[in-house]
Amino acid sequence: MPKTVHTGRSGSGALSAFGTLPTHDPRRWKALVFIALAQLMVVLDATIVNIALPSAQQDLGISDGNKQWVITAYALAFGGLLLFGGRIADLWGRKRTFVTGLIGFAAASAIGGAANGEVMLLGARALQGAFGALLAPTVLALLTAAFTDLGERAKAFGIFGAIASSGGAVGLILGGFLTEYLDWRWTFFVNIPFAVVAALGAYFVIREPVSGHNRSALDIPGVALSTLGLVSLVYGFTRAESGGWTDPVTLALLAAAVLLLLMFVIFEARTEAPLLPLRVVTDRNRAGVYLSLGLAIVALFALYLFLTYYLQLVQGYSPVRTGFAFLPMIAAMITGSTQIGARLMTRFSPRYLMGPGFLVAAIGMLLLTRLDLGSAYATVILPGQILLGLGMGTAFTPAMSLATHGIEPRDAGVASAMLNTSQQVGGAIGTALLNTIAASATTSYIAGHAATARDQRLLQLQALVSGFVSAIWWAVGILAVAATIAATLINTLRPDASTGATQGVEDAARPPVALH
């Protein structure tokens, strides 16, 4: 017979991913290690291949026209299948989905590292994206269920937020090191030990309650509409980067995305077993998290790209030195997440951390608009990175916690998937949108100065920096909008408020629950 418990406020009989916790299961911190390891693997993979791409392109004979597909194939599969992956986790169980995603990601990485041609590499990247979409939604759901005590949850989300916000920069460092001192193939092979350790740890440590499953039928029309809509959206913005915003194919893709996603929303409102229950996204606070965090990622991912090119092409940094140049931002993000966000999220409403956090990040981005050909790292790039990292880290921790806050256990996977979707789509949109703005500004600068330029190479570099600065100005504005949304749309009280509305997953499961 299954054991029955009554769940309630954290600290007494709380429900977690590990079963019945009369006090606290000591394995929850071990579980955090494996959950964080999986999250790091997924996040850093979004950037680790970027630095290795030139070497892989030359080795495998990939054309300039097709090289973008090494990045795009991953983004399309990952972004398009995230909602599907979140619902699979709700239906199938988060532990099982988590382990399956890790094993599949490791296998896809092995194929990518062993690729002997363009087709094999692109197929491996698409597989990585597909298994990443299965894996990513489970990590936040497992973390939310594992930590029911408010103080411990703040610390756990501080660590998780630091990894989520700094993983892209870690990927640049690791990618530069592996490419320069080993081989580009190791940017794929490095995922295998990550995945194996995380899968074994999860298998032996994590248990989850039966109540966390959603037994409803899978919404096949919803899967089709959401996947096609998100793929059209991500590919449309990616296409705009190379073909321009007025390209007929770009316009057709974006129009199709709007139509498909509108049809998806209409269908989800009418079906009895929706892929994405609209209650997940119509909640004011979760909507504020998805919008503000997605916009912040637009700015952050674009900065990774521009600063990488600036350091290597303008300042002449090697791939490894470029990676290490991002270390201050990583340290600042970790500090913001664990020492500011995690410490204050139990005392203040998330709006008072997210709004100011994004605003501080905007100020850091503003400092980077001073970039020119002779900018000193210590006086321009370093202070900008530190403020950007502190602001992002401070905002990320409460955002990650609030994304699944107060959600019904049956919807935890899809709520986590929505957070990942906002970040993935934000990253794709940011890279395409701001890169297009930068390219246009570069072209305009060359056209306006070509007649008087004496050194064509110097002109090209000046134009490149001018383009970067123009795009960074846009990033400043986007972060300011993110701060405004977080400060105005999010209105939940601090976690220890007496309303009980902020208690999280454990309070959403007050009826008796049967456990393994």
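- Here the closest non-hydrogen pair linking Gly364 and Leu387 is CA-CB, 3.6 Å.
- You'll find the side chain of Thr97 stays beyond 4.5 Å of the side chain of Thr100, heavy atoms only.
- In this structure, Ala471 and Ala438 approach most closely via the heavy-atom pair CB-CB, 4.0 Å.
- A search for side chain to side chain donor-acceptor pair (under 3.5 Å) contacts involving Glu268 returns nothing, not counting sequence neighbours.
- Considering all non-hydrogen atoms of both residues, Ser226 and Val223 come closest at OG-O, 3.2 Å.
- Between the side chain of Ser292 and the backbone N or O of Ala482 there is no donor-acceptor pair closer than 3.5 Å.
- Listed by chain and residue number, Phe34, Leu37 satisfy the side chain to side chain contact (heavy atoms under 4.5 Å, CB included) test with Val197 (two or more places apart in sequence, or in another chain).
- Listed by first then second residue, pairs satisfying side-chain hydrogen bond (donor to acceptor under 3.5 Å, both in side chains) with a partner in residues 383-395 number zero, not counting sequence neighbours.
- In this structure, Leu142 CG and Lys95 NZ are separated by 10.0 Å, a value rounded to the nearest 0.5 Å.
- The side-chain heavy atoms of Phe188 and Leu121, taken from C-beta on, include a pair separated by under 4.5 Å.
- Val469 is linked by a side chain to side chain contact (heavy atoms under 4.5 Å, CB included) to Thr369, Leu371, Val465, Trp473, counting only residues two or more places apart in sequence or in another chain.
- Shown here is Tyr317, whose OH atom has more than 12 heavy atoms of other residues, nucleotides or ligands within 6.0 Å.
- Between Phe189 and Leu178, every side-chain heavy-atom pair lies at or beyond the 4.5 Å cut-off.
- Among residues two or more places apart in sequence or in another chain, the ring pair (Phe, Tyr, Trp, His ring centres under 6.0 Å) test is passed with Phe105 by none.
- Leu293 contributes atom CG, which lies 10.5 Å from atom CG of Leu402 (distance to the nearest 0.5 angstrom).
- From Ile478, atom CD1 reaches atom CD1 of Ile297 across 12.0 Å, with rounding to the nearest 0.5 Å.
- Side-chain contact between Phe306 and Leu368 is absent, with no heavy-atom pair separated by less than 4.5 Å.
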- [ ] Evaluate the side-chain contact (heavy atoms from CB on, under 4.5 Å) criterion for residues Leu122 and Val119: first the C-alpha distance (whole Å), next the side-chain angles of each, then the deciding distance (0.1 Å), finally the verdict.
- [x] CA-CA 5 Å; Leu122 297 183; Val119 174; over 6 Å; no
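- Between the CD1 atom of Ile386 and the CG atom of Leu382 there is a distance of 4.0 Å, given to the nearest 0.5 Å.
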Open item on the list: Leu307 vs Met329, test: side-chain contact (heavy atoms from CB on, under 4.5 Å). Steps then yes/no.
Closed with: CA-CA 12 Å; Leu307 210 51; Met329 186 160 66; 5.7 Å; no
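- Nearest approach of Ala399 to Met354, heavy atoms of both residues: CB-CE, 3.8 Å.
- For Phe204, the CZ atom sits in a loose shell: 12 or fewer heavy atoms of surrounding residues, nucleotides or ligands are nearer than 6.0 Å.
- Within the model, atoms CG of Leu83 and OG1 of Thr227 stand 7.5 Å from one another, a figure rounded to the nearest 0.5 Å.
- The 12-atom threshold is not exceeded at CZ of Phe177, counting heavy atoms of other residues, nucleotides or ligands nearer than 6.0 Å.
- Within the 4.5 Å cutoff, the side chain of Leu313 has no heavy atoms near those of the Gln460 side chain.
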Can you list, pair by pair, the side-chain donor-acceptor contacts under 3.5 Å of residues 125-135, counting residues two or more places apart and other chains?
unit_1	atom_1	unit_2	atom_2	d
Arg125	NE	Val70	O	2.8
Arg125	NH1	Asp45	OD2	3.0
Arg125	NH1	Gln128	OE1	3.0
Gln128	NE2	Ser109	OG	2.9

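- Side-chain N or O atoms of Tyr309 include none that pairs as donor or acceptor with a backbone N or O of Leu464 at under 3.5 Å.
- The side chain to side chain contact (heavy atoms under 4.5 Å, CB included) test applied to Pro383 returns Leu367, not counting sequence neighbours.
- For the pair Phe264 and Leu260, the minimum side-chain heavy-atom distance is 4.5 Å or more.
- In terms of the salt bridge (charged side-chain N to carboxylate O under 4.0 Å, His left out) criterion, Arg286 has no residue partners (sequence neighbours excluded).
- Take Tyr74 and apply the ring pair (Phe, Tyr, Trp, His ring centres under 6.0 Å) test, not counting sequence neighbours, and it matches Phe78.
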TODO: Go through the steps to decide whether Ile48 and Val190 satisfy the test side-chain contact (heavy atoms from CB on, under 4.5 Å), and finish with yes or no.
DONE: CA-CA 10 Å; Ile48 192 172; Val190 73; 4.0 Å; yes
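- Counting only residues at least two apart or in different chains, side-chain hydrogen bond (donor to acceptor under 3.5 Å, both in side chains) contacts with residues 176-189 comprise Asp59-Trp184.
- No donor-acceptor pair closer than 3.5 Å links the side chain of Ser440 to the backbone N or O of Thr436.
- Taking all atoms of both residues into account, the shortest heavy-atom contact from Thr246 to Leu251 is O-CD1, 3.8 Å.
- Expressed to the nearest 0.5 Å, how far CG of Leu40 lies from CZ of Phe194 amounts to 5.0 Å.
- Every residue was checked against the ring pair (Phe, Tyr, Trp, His ring centres under 6.0 Å) condition with Phe84, not counting sequence neighbours, and none meets it.
- Inter-residue side-chain proximity for Met392 and Phe358 is flagged as met; some heavy-atom pair is nearer than 4.5 Å.
- Gly61 and Glu118 make their closest contact through O-OE1, 4.4 Å (heavy atoms, listed as atom of the first residue, atom of the second, distance).
- At a threshold of 4.5 Å between non-hydrogen side-chain atoms, the residues Leu388 and Leu479 count as touching.
- Asp247 meets the salt bridge (charged side-chain N to carboxylate O under 4.0 Å, His left out) test with Arg239; sequence neighbours excluded.
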